[in-house]
Each structure stands twice: as structure tokens, then as C-alpha cells.
Amino acid sequence: MTSKKPLKKAGKNGGSDGGGSAGKISVTTLSEHIVEIISDSGEGAQRCGQSFGSIAARMGNGIWTTEIIPAEIRPPARSVAGASGNRIRIGSGYITNGGDQTDLVVAFNEQVLLGRVRDRELKPGCIILLESMWRKHPDLNISLAYAETHDRLVAAGYTVREIPMEQECQLLNADPKRGKNMFALGILCFIYSFDLQMARDQIALTFGKKEQSIIDANVKLLEAGKQWAQANLDFSFSIPATPAAQPQIVTNGNTALALGVMASGMELCAMYPITPATSASHYLSEVFEKVGGIVHQAEDEIAACAFAIGASYASKCTITITSGPGYSLKQEAIGLAVMAEIPLVVVNVQRGGPSTGQPTKVEQGDLMTAIFGSHGDAPKVVMAPATIEDCFYSVITARKIAEAFNMVVVILTDASLSSSQQPFTRPQFNEAWLAPPYDQSPVPEGARPYDWDATTGLARRFIPGQPGGMHTVTGLAHDRDSHVAYDPDINQESLRARSLKLAALQKTLTAPEIFGDAKGDLLVLGWGSTKGAIEEAVASLRAEGKKVSSIHLRFLQPMQPGIKEIMKRFKKVMTIETNWSDSPDEEIIDENNRRYSSMAILLRSRYLVDVDCWSEVRGQPVKPSTIRRVVLAKLNK
Amino acid sequence: MNCSATDCLLQMYDEQHDLEDYQSGVPRWCTGCGDNAILAAVQRLCRDEGLRPEKTVFVSGIGCSSRFPHYMKTYGFHGIHGRALPVAEGVKMARPDLTVFVNTGDGDCCSIGAAHWIHAIRYNMNLTVFLHDNQIYGLTKKQASPTSPIGTKSNTTPRGSYLDALNPLSVTLGVANASFVAQAVDWIPESLFEIVKAAYHHKGFSFVRILQRCPEWLPKSLDPWMQDPNSVQLLHHENALQISAGLSRVYKNQLRHDPLDMNRAREIASSHDVIPVGILYQNRDIPRYEETRQTGVLRTTATVRKGFEAELDKYSV
């Protein structure tokens, strides 16, 4: 075993539950740390990590958790590709993203570590707490592989601590396959000086639906883990919390989205299973009926969209939740909603594409299809939440826009937001969030179903049940009476009206906030889940005196006002995105053939500003350190 | 899920409507097109049943027959090809107080929308569905459809179609939760009306396949059946439809059939030598999805607030 890294002594005892060798232990005070728990799929590392994150949040720490998910349900045991778990960035202050490299990792076997090392996810010298049972495994292949990997990790400079987790769990007569994760949680509670009672409470909450005996067994394992660590480890950390002034909740983006659906007053969600969107519908299926809502699992993506459109047409705005491939399938139906001016909210939790691509990985590849998708001119609103909290409020805003403008509103989140957890201020319920009852009043004589306003293109829609409003909506070109019309003037007029609605909405938007100074050498633009990482990189460069600022767009269609003016005040402008762009350094790439990132294309075409871009499609959230490097290079170019 | 305040009001007057109250525009179907006969039967149904135009919705897909809603002075939804059924399901789920009809063609229902058809049967929502089956694509100008008899010459099968026709009755009867399956023909208006009426009164997914003529693209294909009354077999039963004396004089090929007998219904559906006309199957006991999914929760601001706050409590730290 290697010697541990020199640690700054804080001269303070860790843990609140006494016993063990507390006196000898050095407690190092940190401002933040990144912790990983990884195992084979199904061994509970994800639950351990989520619980760890939740306890940290209860302590008042800032957290950002990231799921490490294999694409298969049951990948082979002890395989590089099978690593499953959770990564928690924990800090004294507010944490806005997953951060850079991992400081400490708990691994249930050595193989799952290899992928993390290969992907450079572990910080040099990172502390590795490794299940040691494999060293004496009867299968020589396994025991030799373990010993070899162990030695390589040590030689590479990692701080490896072998821990007999399974052996210790067996002392409690527990099924080690099931309880090891709680033992590991106990170890982590010791290392990070967590309040054990909060951990017990968290277990009670996590296993709340199970019998008391299961909760008790898990609490026993937790305590055993902590005691073992206290007796055997000679280091621990303390990350002082600065609790938020307002009450906080911790959820992932998909849960926040589903809570937003509840709070928006929508009553129906039609969906078809697709990763990584489905967990939003799982949660909604669990709770929506308590407030009178329904989740309909349709026979396919097209049916889900058509069902939602039918329900929206006949009552309040509805929602359909999907991911890239499903979004493509819905395109024709979305065009119908645009043409017939039926309000609809569509969520696309983006994943890696094209085709089946990387279902569990993050990418921002669907911006163009969201804006320009469907056929013909099909103007729709496109929003992009940038934080977990945004996922919640975006749905409420989207529902209101959809009904006020009789438009389709697309919400683009992604695989990172969907499964990452972050605390945010507990929303204060507001009656104004809810949809008003649908109109059933008689339609005034002479009123027409598409009486487009000359300036804004807006028209009041008639809902079945309204006497005097009878008409047939159609996906065909139609006039103000909704009669099928192929008249050139009428087609010109109706496309104009549907387009003007976007301009009318745009007039209500405000300029984006600038992160940093209002002018300088470089402006970085981003959208979606990259906000935290971009701002962290920008902040660190600004602290070094670099004249860099950033803005983050929440509306991609229409765009907020003032963007051009902001861009003009900087010498250089670039976007940072996680979708494809050609690198100008490629041998055959030049200005005539370079393909830019999606938002860069949009900004260049709209504002005639020479917007550069940098992007990567590694399926991982982009790291602040990567952005720092890219931005520095751009500044120095 | 919800109900409008108007549902709570007592109906203080009888709804009385004339045929004109349901007629909108001049249908742009060919002379002799079976769609005209179906429109006449449905408008008569609306009048006879006193359906309130503002509480009635006709949903269709794309095709000649899917123009149907435009000719009704009710609410209508003329959507996209193949998707009439999921749209109609959405309407019904959100608004059980509305009467919802679906007009779909053989291409719309049995080809591009076949997946929705199968599942619509399973949902068994209270919809009245008319399959306007002229065995050919009309609007796109004569291509073979799934119900075209083998050998049908069309623009995509100039040497005759290659596959046996799909039988919409057998398919429907093969799917779980089928609750009302009937067949009508456009050239016997009296039985068409009676079948449409029975379908309307059935609570559940009422599927009526209507064999109809396409004078433009398949002008003679149904002639053998039309010209020989014995090739049409009228189904009757004391628990289903009875045959009038007038009809009996012309159509002597009659079969007493209990619509509860699924096995017999399947046999009748697959007859090759006669066209069965009437109700093949009816089961009133199959649950309707929109009722199964009722939450029983009265949706008020207070309910939403309570449910929402309870969820936030779970995530509070």
C-alpha cells in the first residue's frame, strides 16, 4: 500500500458517534471534494451515492450528483463497461456542476475502476477504497487480475486502501451482495465527518416502503461501516457547510420536470418509454393521480403525441415527454399541432445521437431538429433549462406560453440534467401557476376560429363544448373559418400569422444576464446543462484577470433581445456546446466546409457576427477544466 | 379527470334539431361514392338522437373519407394520416362528456394506422368508429390498400395486387377487449342506419366496417355483391338487430346470430362467399379505459397544492 497524501491537520475529531481510534485521526478541512461509488450493475452503488449526496445536502453542503450508468441492464460482472454508480461533488458553497476529476472513489471490484482511469476521470493520487475480497478469490484468473490491477494503480500513484467489505458484512450475517452499499456509506460517513443520525434518517426515507427489519438491517450495516472506518482509517475530511437561508429540496432534473407538470396545472401526460426521459414519467405515474392527473402510456411515440394533441384540443394544454428518437417520430404530429394552433408542451430529454446513439449519455444534438423539425414552416417555441431548478419552472412557463399563444413549446433538457441531483430553493406554490378552467362559454356570433390578429397573429381558439364555436380543425391549409383553402392569399396570410406569434412572444422576453463584465476580450455563449461548468471556468479565469464573460440562453426560439448588442462589446465570441462541430484544425476543414455547433450557426445567421464554437461529444458533461483550457486558447489565439 | 360546469346543469329543454343543423358545406365526394351514404346515415343519427352539435366531435385521419368532419356542423378534427384513433382517444380521455366519432379509411386504419387500431381495440374507449372501406386508396389516386382483394389492378400493382386482403373484422375480433364489431354496406341504407345507431348506443369501442363503393377507381368491384341480394347475409338476433319486413323481401339470406358468441362471430367474419351484414360481436361488460383511469380526485387548487406540497416534503433537506 502506498502512503497517503500529506493532509493538512485540522486538529479536530471526526464523527459524532464516539469510540474507535478518533484521537489519532487527522481531520482535513476542505472546501470541496468529488467522491465516486462504483460497482457492478445491481450492487447498489447508485443508491449508496444518492444517499451520500442527500445526507450531504441535509448537512447544508452544496452537491451535484452524476449517475454513472452502463447502457445495459445486466452487463457482465467485473467488466470495464459495467461500471455503475454515482459521482458526488460536495462543497461548502453552492455547486453548479459535476466538476473535474474525482478525489476519492469506493470500488466494489478493481475492473470497474479501469474505465474510470482510462477516461481520466480520477485525479492523480486519488484515494481508492477497494473491496479486497478478490485477492483471495478461488478463481486464479480473478485473483491474479485483482493483484495486477491493484499493483498498477499503486504504481500509477493512486492512494489505494484495500477494505474487506464483504468479509465485514458477513460478520453481520447480512447478504453481502445486498448490504455492501450501506457498509460503504458508513465508511463515507466517517471519512466526511457526517452526522450519523442524518444518515440513519436518510436510510429510513430511502427504504420507507419496506419493512422495518430491512431498514434496521441497513442501519446496522451503516453503523458497522462507520465503526470499521473509525478503527482502521487514519484520515478523514470535513467540508464545512454553509446552509442556504431558504428551505431547500434535492431532486434530479426529471423529478423536477414532473413536479413542474403537477404545479403547472396540466392534467395529462402521454408518453412512450424511452431512455433517459422515462424516469420523469415513472415519477409522474406515481404521484400525478393524487392531484387528478393521468399518465397515459401510449402504444408508440406517434400515438403519445397524437393523444396529447387530442386532449389539448378538447381541454387544457397537455404534455408529452420523450428523447431524441421519439422526438423524431413525433415530428409529423407536432406539425399538426403547429398548423391547427393547438397548445402542446413537448419535452425532449436529449441523449447521444443520431439513431439509437448513446441512450444514457448526454449530448445537445437536437437543437436544430427542435427548431426546424417537422416539415414546411412550423414555428414553435424552444426553451432550454440550464439547471435542475430550471427544469421545474420551465414546465410552468412552457404551459403558459403554449396556451397564451396556442403554440407548441419544446423543452430541451438532456441526460445530464435528467439524472443529476442538486439542491434548490423549495418552490413556494403559487395559484397563478395553474391552468385556468377551459373555456365553455358560448362563442359570440360572427367570431371565427382563426381570427388572426393583424399585428400579433394571435387568435382565440374554440374548445369543444362551446356553443356556436363548431368548426373542424385541420392540418390542411385553412382560412379564418378553418375551412380548407388553397387560395394563395389565404396561405400567405396564415403562415404569416403563425410566424408572427413567435415575434409577439419575443417582444415579451428580456435580455439575458451577463456573467462577468459587460464588455471584454471574449464572450462565451452556452445553453442547457453546461451553464454551471461554463460559469465556473469563466469565474476562475476572471479571478486571474482575464477579460472573459458568458451568457446562457434559456430561449433558443425565439431568442431573447439584446444578444447582438452584448456580442458587439466583445472582441471575440464563441459558443461552448456538447454537439458536433468540425475542428478548424482538421486538414481538410476550412471556412467553406466547416460545420459549426448548432447555436453558433443560429447566432451567426441571425446576427451576422463571427461566432466561433468549440464542442465535444464525449457523452459526458463537459468539465470546467476543459472549458478553461478552450477559453484560454481562444483568448491567446 | 374533470367535468365542465355545464354537465351539472339540468337540461331544461329538449334538444330538437333538424338535419340542416348537422350539415355543413357540400361534400366534395364523387357521385356514387359510399361516403355520401354514410354521411346521410350519421346526420340522421345525430338528429334522431338529438346530439348537441357543440358536444359532438368527429375525428378523422387523411383520405377521401377523412373529409367527413368538414361536412358536419359539429366540432371536428381532421388530423394526419393514420392517427385519427389516438387523437380521438385523447379527446375522450380529457372530455368524457363529449360524444366522439371516428372516420377512418382502409389505408388510414388498416395500413399506416394499424398499430393504433390494434391498441384502440384494447383501450375500448367509448368511441364510435366507422371504417370507410372502399378497398383502394382514393385521394392519392388508385393504389392497392391492405383490404384490396388479391389481383386488384392499381397504379402500384398494374399486374394485379400480390397479397391476400386483410380482413378488418377478423383482425378486430382477434384483439383483446374487442367489444363491438359490426359490418355494413353502403348500398343498404336501412341496415346501415340501424347498425350505425347500434354502434352509437354501445358503450365502448364500436367498430363498424362499412363496405363502400369507389365509383372512380374500383367502379365494378362490388357489383357482384350488389346485384345478387343472396350474397349478402343479414345477421339478426333478439338481443341485437331485427330485420324489417321490407328488407326481408329483398334479402332472404338471413342468419340468426348471438353477438355474444365470439367463436361464431369469428367464423362469420371469415366467410368468403357471403358478406355478413349486422352485429358480429357485442360485449357490454368490457371496461372502458377512460373510466378505468378515472382518478376520482376532484381537481381543485387545494388538491393540487396539497399533493404538490406533500411531494416537496419528500425531497426537502
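Treat the numbers as computed from the prediction; the structure is a model and nothing was measured. A note on names: the letters A, B, ... follow the listed sequences, proteins ahead of strands, and every chain is numbered from 1. Heavy atoms only: backbone and side chains are in, while hydrogens, waters and symmetry mates are out.
With contacts defined as side-chain heavy-atom distances shorter than 4.5 Å, the pair B:Val102/B:Ser60 does not qualify. Here the side chains of A:Ile249 and A:Thr251 are in contact, with some heavy-atom distance below 4.5 Å. Inter-residue side-chain proximity for B:Trp29 and B:Phe68 is flagged as met; some heavy-atom pair is nearer than 4.5 Å.
Across A:Glu289, A:Gln202, A:Lys290, the residue that shares the most heavy-atom pairs under 4.5 angstrom with chain B is A:Glu289. Of all the listed residues (A:Gly335, A:Ala298, A:Ala314, A:Gly475), the one sharing the greatest number of non-hydrogen pairs under 4.5 Å with chain B is A:Ala314. The choice from B:Lys314, B:Lys306, B:Lys73, B:Glu309 that makes the most heavy-atom pairs within less than 4.5 Å of chain A is B:Glu309. Counting heavy-atom pairs closer than 4.5 Å to chain B, the top-ranked of the candidates A:Glu431, A:Arg58, A:His296, A:Met339 is A:His296. Considering only heavy-atom pairs separated by less than 4.5 Å from chain B, the leading option among A:Leu336, A:Val287, A:Asp300 is A:Leu336. Options A:Ala270, A:Ala304, A:Pro427 differ in how many heavy-atom pairs under 4.5 Å they form with chain B, and the most are formed by A:Pro427. Looking only at heavy-atom pairs under 4.5 Å with chain A, the residue among B:Gly79, B:Ser316, B:Gly82 that has the most is B:Ser316. Most heavy-atom pairs under 4.5 Å with chain B, from the set A:Ile463, A:Asp201, A:Val443, A:Ile342: that is A:Ile463.
Residues A:His483 and A:His478 place their aromatic rings such that the two centres sit no closer than 6.0 Å. Taking the centre of each ring, A:Tyr313 and B:Phe77 come in below the 6.0 Å mark. Aromatic pair A:Trp433/A:Phe392: centroids less than 6.0 angstrom apart.
For A:Pro467, the parts lying near chain B are the backbone and the side chain together; criterion is any non-hydrogen pair under 4.5 Å. Interface remark: A:Ala303 contributes backbone and side-chain atoms alike to the contact with chain B (heavy atom separation under 4.5 Å). Looking at B:Phe58, neither its backbone nor its side chain comes within 4.5 Å of chain A, counting heavy atoms on both sides. The parts of A:Phe429 that come within reach of chain B are both its backbone and its side chain, each placing non-hydrogen atoms under 4.5 angstrom from that chain. Heavy-atom distances place no part of A:Pro423 under 4.5 Å from chain B, backbone and side chain included. For A:Ser482, the part lying near chain B is the backbone, with the side chain staying farther off; criterion is any non-hydrogen pair under 4.5 Å. When heavy atoms are compared at a cutoff of 4.5 Å, A:Ser54 approaches chain B solely by way of its backbone atoms N, CA, C and O. Within the 4.5 angstrom heavy-atom criterion, no atom of B:Arg122 approaches chain A. Heavy atoms of A:Tyr283 lying under 4.5 Å from chain B belong exclusively to its side chain. In this structure, no portion of A:Phe424 lies under 4.5 Å from any heavy atom of chain B. Only the side chain of B:Leu98 comes within less than 4.5 Å of a heavy atom of chain A; its backbone N, CA, C and O stay farther away. Heavy-atom distances place the side chain of B:Val57, and not its backbone, under 4.5 Å from chain A. Only the side chain of A:Leu205 comes within contact range of chain B, judged by heavy atoms closer than 4.5 Å.
The aromatic rings of B:Phe207 and B:Trp117 sit parallel to each other, their planes meeting at less than 30°, with 60° as the upper class boundary.
Between the side chain of A:Lys330 and the backbone N or O of A:Ile334, no donor-acceptor pair lies under 3.5 Å. The main-chain N or O of B:Cys33 is found under 3.5 Å from a side-chain atom of B:Asn36 such that the two form a donor-acceptor pair. At distances below 3.5 Å, not a single donor-acceptor pair connects side-chain atoms of B:Arg44 with backbone N or O atoms of B:Leu19.
The two atoms that bring A:Met266 and B:Arg299 nearest to each other are O-NH2, 3.5 Å, heavy atoms only.
A salt bridge links B:Arg288 and B:Glu291; the closest N-O separation between the charged side-chain nitrogens and carboxylate oxygens is under 4.0 Å. Of the charged side-chain nitrogens involved, none lies within less than 4.0 Å of a carboxylate oxygen, so that B:Asp21 and B:Arg47 do not count as a salt-bridged pair.
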